[in-house]
Amino acid sequence: MSIVNNLALKSNRQIKINFDGGDLSSDAGILLIKEFAARIGFTKLITKKFKTNNTSVRFHKDDENLMQMIYQIISAYFQDDCADELTLDPVFNTVLEKSSLASQPTLSRFFNRMDDDTLLQFDDIDKGLRDIIYSIKCPEHMLLDLDSTLFGTYGKQEGEGFNFHYQAHGYHPLLCYDGLTGDLLKAELRDGTLHCSNDADKFMEPLFQEYLERGIKTYLRGDSGFSSPILYKTCEMNGCSYAIRLKQNFGCLLFYSV
């Protein structure tokens, strides 16, 4: 009995049919994300700017591990141990240009190597992305939407706490969005017990300085949790107009225009 391994069509010799099954994946869309990341220079930016302080020689490099986690999260593989299921996935291996993915223990050790310098690198990478985007089209002004939210926790993670506003356990990060496009500009993970306005001035000042250097006028918007004199002063010192709801009267907003 003969088995057909390869069949060419007489009508078109360029078309060939085989029955080997091939490599299968349900995540082919990541190839388009890979192309987008390459086109805007994101992959090169990660390679250039991201490195943990641990200098040990490893098969799975820091920038590769970070890109693997980014692609996993985009594909809704949120847990570290998903890497063990994807280790030989042909699409993930192709976009990462590797023969196999980093395993869950490797990723866990990678996260443990991160420190304060790593967080500063993330901010620098975000700024680098804005440099790329603004080189294409620079906005005339920027609406900075300052907010906080609850990241729920379900154990005794370091820094988690009970937040009375949300009546739940978790972390209470600060977030700043582009109010016109919805793009996330900056994020900072914080202890769950902290109030919204705690160190909000220090969180925002680097963004204020960045847009001052770019010559872009800034406007800040915040809810009553950010009605803090320290934040008002930081805005005014950096030429940022703001509209923040007052705590004492929820029907009023505090406006300041430069």
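Everything quoted here is computed from the prediction, not taken from an experiment. Residues take their numbers from the sequence shown, with the count starting at 1.
Side-chain contact between F78 and Q72 is absent, with no heavy atoms from C-beta onward closer than 4.5 Å. You'll find the side chain of L96 stays beyond 4.5 Å of the side chain of E64, heavy atoms only. With a 4.5 Å cut-off on side-chain heavy atoms, F111 and R113 do not count as touching. The shortest distance between side-chain heavy atoms of Y171 and R190 does not fall below 4.5 Å. Within the 4.5 Å cutoff, the side chain of D124 has no heavy atoms near those of the F50 side chain. Taking 4.5 Å as the limit, some side-chain heavy atom of T118 sits within range of a side-chain heavy atom of D115. Looking only at side-chain heavy atoms (C-beta outward), D89 and L101 stay at 4.5 Å or farther from each other. P173 is listed as a side-chain neighbour of F151, based on a closest heavy-atom distance under 4.5 Å.
Remark: side-chain polar atoms of N163 are paired, donor with acceptor, to backbone N or O of Y166 under 3.5 angstrom. In this structure, the side chain of T47 engages the main chain of T43 through a donor-acceptor pair within 3.5 Å. For the pair D81 (side chain) and Q104 (backbone), a donor-acceptor distance under 3.5 Å is absent. The main-chain N or O of G155 is found under 3.5 Å from a side-chain atom of Q157 such that the two form a donor-acceptor pair.
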Discussion item. Walk me through whether T181 and D183 qualify under side chain to side chain donor-acceptor pair (under 3.5 Å).
Written reply: CA-CA 5 Å; T181 66; D183 294 337; 3.1 Å; yes

Discussion item. Run I30 and I74 through side chain to side chain contact (heavy atoms under 4.5 Å, CB included) and show every step you take.
Written reply: CA-CA 8 Å; I30 290 296; I74 290 174; 4.0 Å; yes

Item to complete: Run the numbers on Y71 and F92 for ring pair (Phe, Tyr, Trp, His ring centres under 6.0 Å), then give the verdict.
Response: CA-CA 8 Å; Y71 287 131; F92 275 87; 7.2 Å; no

Item to complete: Determine, stepwise, if the pair E97 / K34 fulfils salt bridge (charged side-chain N to carboxylate O under 4.0 Å, His left out).
Response: CA-CA 11 Å; E97 301 178 21; K34 162 78 170 182; 3.3 Å; yes

Item to complete: Could you please spell out the steps behind the side chain to side chain contact (heavy atoms under 4.5 Å, CB included) verdict for L144 and F208?
Response: CA-CA 9 Å; L144 302 173; F208 292 151; 3.6 Å; yes

Discussion item. Assess the residue pair L107 and M69 against the criterion (side chain to side chain contact (heavy atoms under 4.5 Å, CB included)); give the C-alpha distance rounded to whole Å, side-chain angles, the decisive distance to 0.1 Å, and a yes or no.
Written reply: CA-CA 8 Å; L107 292 177; M69 284 307 306; 3.5 Å; yes

Discussion item. Using the rule given for ring pair (Phe, Tyr, Trp, His ring centres under 6.0 Å), can you reason through F110 versus H60, listing the C-alpha separation, both sets of side-chain angles and the distance that settles it, and then say yes or no?
Written reply: CA-CA 9 Å; F110 164 63; H60 298 287; over 10 Å; no

Item to complete: Any chance you could lay out the side chain to side chain contact (heavy atoms under 4.5 Å, CB included) test for T193 and H172, step after step, and finish with the verdict?
Response: CA-CA 7 Å; T193 62; H172 193 201; over 6 Å; no

Practice prompt. Would you sort out whether D201 and Y232 count as a side chain to side chain donor-acceptor pair (under 3.5 Å), showing the intermediate values?
Written response: CA-CA 8 Å; D201 56 313; Y232 304 156; over 6 Å; no

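Residue I125 is grouped with residue M114 when hydrophobic side chains (ILVMFWY) are merged at heavy-atom distances under 4.5 angstrom, including chains of intermediate members. Under a hydrophobic-cluster definition in which Ile, Leu, Val, Met, Phe, Trp and Tyr are linked whenever side-chain heavy atoms come within less than 4.5 Å, directly or via other members, L174 and L120 are assigned to different clusters. Note on L119 and M67: same hydrophobic cluster, where clusters join Ile, Leu, Val, Met, Phe, Trp and Tyr whose side-chain heavy atoms are under 4.5 Å apart, directly or indirectly. Hydrophobic clustering (ILVMFWY, side-chain heavy atoms < 4.5 Å, transitive): L175 and F226 are in distinct clusters. One hydrophobic cluster holds both L31 and L86 under the rule that ILVMFWY side chains link at heavy-atom gaps under 4.5 Å.
In the displayed structure, Q79 atom CD is contacted under 6.0 Å by at most 12 heavy atoms of other residues, nucleotides or ligands. Summarising the local packing, CG of L180 is surrounded by more than 12 heavy atoms from other residues, nucleotides or ligands at distances under 6.0 Å. Residue N112 places its CG atom among more than 12 non-hydrogen atoms of other residues, nucleotides or ligands, all under 6.0 Å distant.
Counting all heavy atoms, side chain and backbone alike, F164 lies closest to Q167 at O-NE2, 2.7 Å. Closest approach of A102 and N65 over heavy atoms only: CB-OD1, 3.5 Å. A pairwise comparison of heavy atoms in S99 and N93 identifies O-ND2, 3.5 Å as the closest pair. Taking all atoms of both residues into account, the shortest heavy-atom contact from C176 to L207 is SG-CD1, 3.8 Å. When all heavy atoms of I216 and M142 are compared, the pair lying nearest together is CG2-N, 3.9 Å. Considering all non-hydrogen atoms of both residues, L150 and A168 come closest at CD2-CB, 3.6 Å.
With rounding to the nearest 0.5 Å, the separation of SG in C235 from CD in E205 is 10.0 Å. Interatomic distance, CG of L220 versus OG of S241, reported as 10.0 Å (0.5 Å rounding). Distance NZ/K49 to CZ/F122: 13.5 Å, rounded to 0.5 Å. Summarising the geometry, atom OH belonging to Y242 is positioned 13.5 Å from atom CG belonging to L146; distances are rounded to the nearest 0.5 Å. F162 contributes atom CZ, which lies 11.0 Å from atom OG1 of T153 (distance to the nearest 0.5 angstrom). Taking NZ of K61 as the start and NZ of K51 as the end, the distance is 9.5 Å to the nearest 0.5 Å.
Using a 4.0 Å cut-off between a side-chain N of Lys or Arg and a carboxylate O of Asp or Glu, K127 and E213 do not qualify as a salt bridge. Checked for salt-bridge contact, R245 and D223 miss the test: no charged N lies under 4.0 Å from a carboxylate O.
When only modelled atom types and interatomic distance are considered, D84 and S103 share no side-chain donor-acceptor pair under 3.5 Å.
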Residues 128-141 side chain polar contacts: donor-acceptor under 3.5 Å, at least two apart:
residue	atom	partner	partner atom	Å
R130	NE	E210	OE2	2.8
R130	NH1	L185	O	3.1
R130	NH2	E210	OE1	2.8
D131	OD1	R214	NH1	2.9
D131	OD1	R214	NH2	2.7
Y134	OH	Y211	OH	2.8
S135	OG	I132	O	2.5

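Under the 6.0 Å cut-off for aromatic ring centres, H169 and Y154 do not qualify, their centroids lying 6.0 Å or more apart. The distance between the ring centers of F42 and F36 does not fall below 6.0 angstrom.
Listed by chain and residue number, R39 satisfy the side chain to side chain contact (heavy atoms under 4.5 Å, CB included) test with E35 (two or more places apart in sequence, or in another chain).
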